[in-house]
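Keep in mind that the numbers below use all heavy atoms, side chains included, and drop hydrogens, waters and symmetry copies. As the structure lists them, so they are numbered: ligands from 1, and atoms in each ligand from 1. This one's a predicted model, so the numbers in the text were calculated from it and none came from an experiment.
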Amino acid sequence: MANHREPEANGNKNLQANLVDHARLREALKNNEVWPAFQPLVDMHNGAIVGFEVLARWTDPELGIIGPNEFIPLAEATGLIGLLTREVISQACSAAESWPGVFMLSINISPIQFRDPGLLEDIRDTIHSTGFPISRVQIEITEGALLEDDEMVRATIQSFKALGIGLALDDFGTGFASLTQLHAFPFDKLKIDMSFVRTMEGDSCSRKIVTSVIGLGQSLGMAVVAEGVETEQQATMLRRLGCDVGQGWLFGKPLKAADTQRLLSVREHR
Ligand code: C2E
Ligand code: CA
Ligand code: CA
Ligand code: CA
């Protein structure tokens, strides 16, 4: 009977659980159990790989591979998200530095990280230490980051841009970003959330949303990426609507660094 629990006891339990989780995740980060997977972003007209989204994974010795939906909220709640992000960027950029071809790396940043005054320097220094060109890094932020519409968030985003880091607005259409914010923040890219891509064939409403987002991106000079493209039919419809870049199982699932390198090398020698 959850609603009869004593608030105090419950609070203590949460605190204890939090300390255990914090220690476990910290240990995992130290032991390199958290690592980056790479999912291709593909030019839907010619099939070229134009970039990769970096997606965090945790291989627990007992539980196996844990997905980010399980541990990113934990990292945010325990204050370890900054450390996790640096770890993921460091591993991803170090690996990708020697891969053939010119491609972007897209890194996810949690909205709460914009409260960290050291965010910009941390990310810049981490990228620099790997030798990967900073101009080929893009950060993905969700509309949640823009909700706290204060000067600090705005200044941080502008500074990323000034460093040459690209900006993508992730999961577009699921939050509450206004047209004013789209205009006020210097986004290079809009990512259409996969919930619209999944339903656009059968549902005229979500098809209209996809069409509008592509049009909006085009008129504001932003590249548009469709997420969660799983079928040839979806790709065909997206191409016809003017979307150039796709990401999804049709083009490739997230891969480990070694497999990503192999994929690029095979393509280079074709
Ligand atoms: P997201 O940024 O929207 O990432 C796209 C998610 O869609 C990924 O799930 C990816 O594996 C999945 N996906 C890609 N193509 C397809 C497809 O065709 N079909 C289906 N069903 N799914 C597809 P994943 O890797 O589980 O990541 C979930 C979320 O966790 C991400 O959503 C992102 O918000 C967050 N995340 C992942 N890595 C990081 C990280 O390093 N830092 C932070 N802050 N968040 C991260
Ligand atoms: Ca993303
Ligand atoms: Ca997304
Ligand atoms: Ca998402």
Side-chain angles (χ1 to χ4, degrees), residues 25 28-29 32-42 44 49 51-59 64-93 95-96 104-116 119 122-123 126-127 137-145 166-175 177 187-201 210 213 223-235 238 245-257 260:
L25 182 54
L29 286 167
N32 284 338
E33 288 169 20
V34 177
W35 48 275
F38 300 82
Q39 187 179 30
L41 287 115
V42 172
M44 291 196 286
I49 293 177
F52 296 94
E53 178 171 4
V54 175
L55 295 159
R57 300 286 182 264
W58 177 357
T59 307
I65 295 184
I66 307 172
N69 289 329
E70 308 292 322
F71 63 85
I72 294 294
L74 174 64
E76 291 172 345
T78 54
L80 288 169
I81 188 67
L83 184 61
L84 184 147
T85 303
R86 291 199 295 280
E87 192 54 46
V88 166
I89 293 178
S90 171
Q91 289 185 41
C93 291
M104 300 288 293
L105 281 187
S106 245
I107 313 278
N108 291 284
I109 305 289
S110 294
I112 65 157
Q113 295 187 262
F114 285 87
R115 290 186 210 147
D116 174 1
L119 177 68
D122 280 349
I123 289 186
T126 307
I127 298 169
V137 176
Q138 199 160 51
I139 57 171
E140 299 195 0
I141 61 183
T142 55
E143 291 157 283
L167 283 179
L169 186 52
D170 202 358
D171 301 349
F172 187 63
T174 60
F187 292 107
D188 304 285
K189 189 190 272 179
L190 292 179
K191 297 190 81 174
I192 307 176
D193 193 70
M194 71 174 93
S195 58
F196 302 114
V197 173
R198 188 167 300 144
T199 54
M200 69 181 175
E201 285 157 295
V210 171
V213 174
V224 178
V225 177
E227 295 189 316
V229 183
E230 293 184 357
T231 68
E232 203 52 73
Q233 288 87 324
Q234 290 167 341
L238 287 161
V245 178
Q247 175 183 359
W249 294 349
L250 177 65
F251 306 112
K253 291 197 173 180
L255 296 173
K256 290 183 174 174
T260 311

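- Every atom of ligand 1 is numbered from 1 in the order shown, and the set under 4.0 Å from a heavy atom of Glu230 is 17 (C), 18 (O), 19 (N), 20 (C), 21 (N).
- Put simply, the side chain of Asp188 gets close to the backbone of Leu167: a donor and an acceptor are under 3.5 Å apart.
- Only the side chain of Gln39 comes within contact range of ligand 1, with a heavy atom under 4.0 Å; no backbone atom does.
- Interface of Arg198 with ligand 1, defined as ligand atoms under 4.0 Å from a residue heavy atom, comprises 21 (N).
- At least one N/O/S atom of Glu53, whether from backbone or side chain, sits less than 3.0 Å from the Ca ion (ligand 2).
- Looking only at its N/O/S atoms, Glu227 has OE2 as the one nearest to the Ca ion (ligand 3).
- Residue Gly248 has no nitrogen or oxygen atom sitting less than 3.5 Å from a nitrogen or oxygen atom of ligand 1, judged on distance alone.
- Using a 4.0 Å cut-off between heavy atoms, Asp170 contacts ligand 1 through its side chain alone, with no backbone atom that close.
- Which parts of ligand 1 touch Glu227 is read off a 4.0 Å heavy-atom cut-off, strictly below it: atoms 3 (O).
- Residue-to-ligand polar distances place Asp171 within reach of ligand 1: an N/O pair is separated by less than 3.5 Å.
- Considering backbone and side-chain N/O of Gln113, none are found under 3.5 Å from N/O of ligand 1.
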Run Glu227 and Val197 through side chain to side chain contact (heavy atoms under 4.5 Å, CB included) and show every step you take.
CA-CA 7 Å; Glu227 295 189 316; Val197 173; 5.6 Å; no

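- To the nearest 0.5 Å, atoms CZ (Phe52) and CD (Gln138) are separated by 14.0 Å.
- No donor-acceptor distance shorter than 3.5 angstrom exists from the side chain of Gln91 to the backbone of Asn32, with no hydrogens or angles considered.
- Ligand 1 has at least one atom lying under 4.0 Å from a heavy atom of Arg57.
- Side-chain atoms of Gln39 come within 3.5 Å of backbone N or O of Gly252 as a donor-acceptor pair.
- Minimum-distance N/O/S atom of Asp170 relative to the Ca ion (ligand 3): OD1.
- Backbone and side-chain nitrogen or oxygen atoms of Ser110 are examined, and one is located within less than 3.5 angstrom of a nitrogen or oxygen of ligand 1.
- Remark: side-chain polar atoms of Asn108 are paired, donor with acceptor, to backbone N or O of Val54 under 3.5 angstrom.
- For the atom pair CD1 of Ile65 and NZ of Lys256, the computed distance is 5.0 Å after rounding to the nearest 0.5 Å.
- Of all the heavy atoms of Pro254, the ones lying under 4.0 Å from any atom of ligand 1 belong exclusively to the side chain.
- With ligand atoms numbered from 1 in the order given, ligand 1 contributes 16 (C), 17 (C), 18 (O) to contacts under 4.0 Å with heavy atoms of Gly228.
- The atoms of ligand 1 that sit less than 4.0 Å from any heavy atom of Asn69 are 28 (C), 29 (C), 30 (O).
- At a 4.0 Å cut-off, not a single heavy atom of Gly67 sits close enough to ligand 1 to count as contact.
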Show the numbers, then the answer: is there a side chain to side chain contact (heavy atoms under 4.5 Å, CB included) between Phe172 and Val224?
CA-CA 10 Å; Phe172 187 63; Val224 178; over 6 Å; no

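- Separating the CZ atom in Phe71 from the CD1 atom in Ile66 is a distance of 7.5 Å, to the nearest 0.5 Å.
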List the steps and the verdict of side chain to side chain contact (heavy atoms under 4.5 Å, CB included) for Leu250 and Gln234.
CA-CA 9 Å; Leu250 177 65; Gln234 290 167 341; over 6 Å; no

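- Residue contacts with ligand 1 leave out Thr85, since none of its heavy atoms falls under 4.0 Å from the ligand.
- Under the 4.0 angstrom criterion for non-hydrogen atoms, Glu53 is in contact with ligand 1.
- For Ala96, the side chain to side chain contact (heavy atoms under 4.5 Å, CB included) test picks out Trp99, Phe103, Leu105, Phe132, with sequence neighbours left out.
- In the vicinity of Met194, heavy-atom distances shorter than 4.0 Å reach the ligand 1 atoms 6 (C), 7 (O), 12 (C), 13 (N), 20 (C), 22 (N), 23 (C).
- Within the structure, salt bridge (charged side-chain N to carboxylate O under 4.0 Å, His left out) contacts touching residues 74-83 (residues at least two apart or in different chains) do not occur.
- Nearest N/O/S atom of Asp171 relative to the Ca ion (ligand 3): this is OD1.
- A 4.5 Å side-chain heavy-atom check between Val42 and Val229 finds every atom pair outside the cut-off.
- The closest side-chain donor-acceptor pair between Gln233 and Glu201, if any, does not fall under 3.5 angstrom.
- Atoms OE1 of Glu140 and OD1 of Asn108, as seen from the Ca ion (ligand 2), are separated by an angle of 100°, to the nearest 10°.
- The ligand atoms of ligand 1 that sit less than 4.0 angstrom from a heavy atom of Pro68 are 24 (P), 25 (O), 26 (O), 27 (O), 28 (C), 30 (O), 36 (N), 37 (C).
- The distance from ligand 1 to the heavy atoms of Leu55 drops below 4.0 Å at these ligand atoms: 4 (O), 8 (C), 10 (C), 11 (O), 25 (O), 37 (C), 38 (N).
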